[in-house]
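Remember, it's a predicted structure, so these values are computed and weren't measured experimentally.
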Amino acid sequence: MARFYFPNKLMVCLLPVLLVLIGYGAINQRSDPSAPDNSMVKAALYEEFNAIPVMPGAFTDDDIHFMEKDISMIIDCYYTTNSSYAEIKDFYDTQLKKIGWQFIGEEKVYDWFHDYGGKSIHYKKGNFTAELYYPGEKSDYSGTYSLSVGWKLEDAIKNEFALIPIMPNAKEEERNFNDTGYISMKAYYTTTSSDQVIKTYYDTQLRANGWTYNRTEGAAPSGQNLTGQTIVYHKNNNLAARLVFATGKNSPNRSYYFTISGAM
């Protein structure tokens with residue numbers, strides 16, 4: 001699908017930032033003291049950005065832009081070069097793939113509904129995304145192209161959840177994703193396996209994917225009127241996985257819940 005950009009002509013030097021805000025929503029400095037600690041994600045994001053070589057002959061007149069909110073962050077910089085779009089695309093496609101990025105797709109970009117030959121190329125690596133933006137030869141964009149690397153809590157939760165396979169002999173009864181307020185992915189399962197077998201399975205799977213055991217709570221979360229334990233794991237200081245044994249009267253046919261959310 002083609003993308004439309006609407007640059008503010010009076011702030012053309014900030015166009016990469018505006019493009020980011022369109023794609024990621026209104027991003028402000030994190031102010032909620034109860035929000036997840038994203039410091040490890042920020043450090044990893046800078047590491048990924050700095051690992052991408054700048055195209056030979058390209059230069060920038062501006063600093064790297066960094067923006068963050070509780071649920072997203074992005075690093076962006078724009079560059080000027082005499083190279084063609086084909087040369088820029090070929091260089092970054094080669095370099096990104098060398099360091100583990102996966103090509104996702106390319107789309108046309110329009111500036112105020114005008115086609116100046118703009119393109120946007122997307123890549124993915126783990127929970128991070130990258131975008132190579134080329135406004136087009138006829139565009140009045142202040143740079144030749146921009147490169148950004150970003151992260152969103154919503155995408156990280158979905159990606160991490162997908163990495164944990166459903167337990168053998170378990171049946172998924174329901175799955176819900178909540179993207180407002182307390183962002184989380186939750187699924188409900190039934191199985192004939194014992195609580196200990198379930199615990200062992202998830203402990204093995206979570207640790208294999210970089211999760212660390214945090215604590216065991218004596219009962220399921222308050223308000224659910226359920227019996228059983230809640231076992232909590234953390235990852236990168238900003239994600240939490242919860243294994244809840246739900247055997248109470250509110251879930252007569254459900255053996256356990258599995259949830260991944262932002263760590264609070």
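- Looking only at side-chain heavy atoms (C-beta outward), Ile183 and Ile71 come within less than 4.5 Å of each other.
- Closest of all the heavy-atom pairs between Ser261 and Ser184 is CB-CB, 3.6 Å.
- Each of Met40 and Tyr213 belongs to its own hydrophobic cluster when Ile, Leu, Val, Met, Phe, Trp and Tyr are linked at side-chain heavy-atom distances under 4.5 angstrom.
- Under the rule for a side-chain contact (heavy atoms from CB on, under 4.5 Å), the partners of Ser84 that lie at least two apart in sequence or sit in another chain are Ala86, Glu87.
- Here the side chains of Arg242 and Tyr257 are not in contact, with every heavy-atom distance at 4.5 Å or above.
- One N or O on the side chain of Thr191 and one on the backbone of Asn169 form a donor-acceptor pair closer than 3.5 Å.
- For the side-chain contact (heavy atoms from CB on, under 4.5 Å) with Leu243, the lone residue among Val232, Asp203, Ile198, Thr230 that qualifies is Ile198.
- Looking at heavy atoms from C-beta onward, Met55 lies in side-chain contact with Ser83 at the 4.5 angstrom threshold.
- Under the 4.5 Å side-chain heavy-atom criterion for ILVMFWY residues, a single connected hydrophobic cluster contains both Phe177 and Ile260.
- Of the N and O atoms on the side chains of Thr216 and Gln229, not one donor lies less than 3.5 Å from an acceptor on the other residue.
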Ile75 and Phe66: CA distance, side-chain angles, deciding distance, side-chain contact (heavy atoms from CB on, under 4.5 Å) verdict:
CA-CA 5 Å; Ile75 299 171; Phe66 174 76; 3.7 Å; yes
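- Between Glu131 and Leu147, the closest side-chain pair of non-hydrogen atoms is not below 4.5 Å.
- Shown here are the side-chain contact (heavy atoms from CB on, under 4.5 Å) partners of Asn82, two or more places apart in sequence or in another chain: there are none.
- The shortest distance between side-chain heavy atoms of Tyr92 and Ile121 does not fall below 4.5 Å.
- When side chains are defined from C-beta on, Lys125 does not count as touching Gln102, because their heavy atoms never get closer than 4.5 Å.
- Following chains of ILVMFWY side-chain contacts shorter than 4.5 Å, one can reach Val54 starting from Ile52, so the two form part of one hydrophobic cluster.
- Side chain of Thr144 to backbone of Thr81: a donor-acceptor contact under 3.5 angstrom is found.
- Asp90 approaches Thr94 most closely through the heavy-atom pair O-OG1, 2.9 Å.
- For the atom pair CG of Leu206 and OG1 of Thr212, the computed distance is 10.0 Å after rounding to the nearest 0.5 Å.
- Between the side chain of Thr60 and the main chain of Tyr79, no donor-acceptor pair closer than 3.5 Å is present.
- To the nearest 0.5 Å, atoms CZ (Phe49) and SG (Cys77) are separated by 5.5 Å.
- Across all their heavy atoms, Tyr182 and Gly262 have their closest contact at CE1-O, 4.1 Å.
- Leu45 and Ile104 fall into different hydrophobic clusters, where Ile, Leu, Val, Met, Phe, Trp and Tyr are joined by side-chain heavy atoms under 4.5 Å apart, directly or via other members.
- Phe258 does not carry Lys186 over the face of its six-membered ring by the limits of under 6.0 Å from the centre and within 45° of the normal.
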Would Leu132 and Tyr145 count as a side-chain contact (heavy atoms from CB on, under 4.5 Å) if you check the C-alpha gap in whole Å, the side-chain angles of each, and the deciding distance to 0.1 Å?
CA-CA 7 Å; Leu132 177 65; Tyr145 70 91; 3.6 Å; yes
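- Residues Met73 and Lys42 come closest through the heavy atom pair SD-CA, 3.6 Å.
- Asn176 and Glu174 share a donor-acceptor pair across their side chains, judged by distance under 3.5 Å alone.
- Ring geometry for Tyr85 versus Tyr134: interplanar angle of 30 to 60°, hence tilted.
- Ion pairing of Asp93 with Lys97 is present here, as a side-chain N (NZ or NE/NH1/NH2) and a carboxylate O approach within less than 4.0 Å.
- Residues Ile74 and Val149 are not in side-chain contact: their nearest non-hydrogen atoms beyond the backbone lie 4.5 Å or more apart.
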Do any side-chain atoms of residues 157-167 form donor-acceptor pairs under 3.5 angstrom with protein atoms, and if so which ones, sequence neighbours left out?
residue, atom, partner, partner atom, Å
Lys158, NZ, Glu154, OE2, 3.3
Asn159, ND2, Gly126, O, 3.4
Asn159, ND2, Asn127, OD1, 3.1
Asn159, ND2, Asp155, O, 3.2
Glu160, OE1, Lys235, NZ, 3.0
Glu160, OE2, Asn127, ND2, 3.0
Glu160, OE2, Lys235, NZ, 3.0

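- Within the 6.0 Å centre-distance limit, the rings of Tyr256 and Tyr202 are counted as a close aromatic pair.
- Across every non-hydrogen atom of Pro53 and Phe91, the tightest pair is O-CE2, 3.6 Å.
- Smallest separation of non-hydrogen atoms from Trp211 and Ala241: CZ3-N, 3.4 Å.
- A distance of 6.5 Å separates OH of Tyr78 from NE2 of His65, quoted to the nearest 0.5 Å.
- Criterion: ILVMFWY side-chain heavy atoms under 4.5 Å apart, direct or through other members. Under it, Leu96 and Ile64 are part of a common hydrophobic cluster.
- Both the sub-6.0 Å distance and the 45° axial angle are not jointly satisfied by Lys124 relative to the ring of Phe103.
- The CD atom of Gln196 sits 4.5 Å away from atom OG1 of Thr200, with the distance rounded to the nearest 0.5 Å.
- Heavy atoms of other residues, nucleotides or ligands lying less than 6.0 angstrom from NZ of Lys171 number 12 at most.
- Between Glu106 and Lys89 a salt bridge is recorded (basic side-chain N to carboxylate O distance below 4.0 Å).
- At a threshold of 4.5 Å between non-hydrogen side-chain atoms, the residues Tyr133 and Asp76 do not count as touching.
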